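Just so you know, these numbers come straight off a predicted model, no measurement behind them.
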Amino acid sequence: QVQLVESGGGLVQAGGSLRLSCAASGRAFGSYAMGWFRQAPGKEREFVAAISWSGGSTFYADSVKGRFTISRDNAKNTVYLQMNSLKPEDTAAYYCTAGDLVRVAAQEYDYWGQGTQVTVSS
């Protein structure tokens with residue numbers, strides 16, 4: 001079992017930045033691929049970014065490529081999502097997730113956090 005707790009969400013103006021953190025507890029954090037998804041009201045949960053267990057491979061949705069950066073610190077059992085040049089359309093609840101392999105489909109991941117709200121004002 002892996003427990004995930006997100007933090008770092010909040011209200012920011014368009015063009016601003018936020019850094020989300022996801023602290024993991026439980027077994028073998030370093031063996032899991034990690035991902036970030038988001039869900040806006042009335043919309044389906046969508047893939048944002050993912051990182052391999054070693055941190056050597058990263059993947060991004062086209063909508064965030066060049067603006068968001070995913071990273072991990074296995075010594076701290078933490079994964080991060082640095083979000084720059086935020087837009088109002090980035091407003092959503094952001095969820096951290098863990099799974100065996102990097103995937104873009106939410107159903108492929110095994111563990112989920114409770115989410116942290118990001119609101120970008122125009």
Side-chain angles (χ1 to χ4, degrees):
Q1 282 279 13
V2 176
Q3 292 78 43
L4 303 172
V5 179
E6 302 95 336
S7 62
L11 174 64
V12 64
Q13 288 189 333
S17 298
L18 283 174
R19 189 176 80 154
L20 305 183
S21 299
C22 173
S25 60
R27 55 181 287 270
F29 169 80
S31 67
Y32 286 98
M34 301 296 295
W36 287 96
F37 284 71
R38 66 187 182 186
Q39 188 168 19
K43 295 188 177 182
E44 292 188 353
R45 192 167 294 191
E46 65 171 356
F47 171 78
V48 175
I51 188 167
S52 61
W53 67 270
S54 68
S57 297
T58 56
F59 304 86
Y60 298 93
D62 287 343
S63 59
V64 306
K65 202 171 293 183
R67 299 188 298 123
F68 291 11
T69 302
I70 189 171
S71 62
R72 67 188 296 162
D73 185 339
N74 287 345
K76 296 182 178 179
N77 283 9
T78 303
V79 63
Y80 305 97
L81 185 68
Q82 178 66 44
M83 305 185 296
N84 299 329
S85 302
L86 282 161
K87 305 175 181 179
E89 51 263 44
D90 294 318
T91 295
Y94 283 70
Y95 296 89
C96 174
T97 187
D100 290 336
L101 296 171
V102 171
R103 292 284 188 261
V104 298
Q107 61 265 32
E108 300 287 350
Y109 287 87
D110 301 312
Y111 304 102
W112 292 85
Q114 294 299 305
T116 186
Q117 179 66 35
V118 171
T119 302
V120 185
S121 63
S122 56

Looking only at atom types and distance, does a side-chain atom of [X] sit under 3.5 Å from a main-chain N or O of [Y], one as donor and one as acceptor?
{"X": "E6", "Y": "Q114", "value": "yes"}
{"X": "T119", "Y": "L11", "value": "no"}
{"X": "T97", "Y": "W36", "value": "no"}
{"X": "S21", "Y": "S7", "value": "no"}
{"X": "R103", "Y": "G99", "value": "no"}
{"X": "S63", "Y": "A61", "value": "no"}

Identify the heavy atoms of [X] and [Y] that sit nearest to each other, and give their distance.
{"X": "K65", "Y": "D62", "answer": "NZ-OD1, 3.2 Å"}
{"X": "A24", "Y": "L4", "answer": "CB-CD2, 3.6 Å"}
{"X": "A40", "Y": "A92", "answer": "N-CB, 3.8 Å"}
{"X": "G56", "Y": "S52", "answer": "N-OG, 3.3 Å"}

Euclidean distance, [Y] [atom2] relative to [X] [atom1], rounded to 0.5 Å:
{"X": "Y94", "Y": "R45", "atom1": "OH", "atom2": "CZ", "value": "13.0 Å"}
{"X": "Q13", "Y": "S121", "atom1": "CD", "atom2": "OG", "value": "5.0 Å"}
{"X": "I51", "Y": "R72", "atom1": "CD1", "atom2": "CZ", "value": "6.0 Å"}
{"X": "S31", "Y": "D100", "atom1": "OG", "atom2": "CG", "value": "7.5 Å"}
{"X": "Q82", "Y": "L18", "atom1": "CD", "atom2": "CG", "value": "8.5 Å"}
{"X": "Y32", "Y": "N77", "atom1": "OH", "atom2": "CG", "value": "11.5 Å"}

Practice item. Return yes if a side-chain donor-acceptor contact under 3.5 Å exists between N84 and S17, otherwise no. Key: yes

Review point. In terms of side-chain heavy atoms, does S25 have a donor or acceptor partner in Q3 at a distance below 3.5 Å?
Key: yes

Under a 4.5 Å side-chain heavy-atom rule over Ile, Leu, Val, Met, Phe, Trp and Tyr, are [X] and [Y] clustered together?
{"X": "F29", "Y": "W53", "answer": "no"}
{"X": "V2", "Y": "M34", "answer": "yes"}
{"X": "Y111", "Y": "L20", "answer": "yes"}
{"X": "V79", "Y": "Y95", "answer": "no"}
{"X": "V102", "Y": "V64", "answer": "no"}

**Study point:** Aromatic F47 / basic R38 pairing, under 6.0 angstrom, 45° off normal
**Key:** no

Taking the side chain as every heavy atom from C-beta outward, state whether [X] and [Y] have any pair of such atoms under 4.5 Å apart.
{"X": "E108", "Y": "L101", "answer": "no"}
{"X": "T69", "Y": "Y60", "answer": "yes"}
{"X": "Q117", "Y": "T91", "answer": "yes"}

Check your understanding: Going through the distances and angles, do V104 and F59 end up as a side chain to side chain contact (heavy atoms under 4.5 Å, CB included)?
Key -> CA-CA 9 Å; V104 298; F59 304 86; 5.7 Å; no

Review point. Is the shortest distance from a Lys or Arg side-chain nitrogen in D90 or K87 to a carboxylate oxygen in the other one below 4.0 Å?
Key: no

Review point. Relative to each other, are the rings of F37 and Y109 parallel, tilted or perpendicular (30° and 60° limits)?
Key: perpendicular

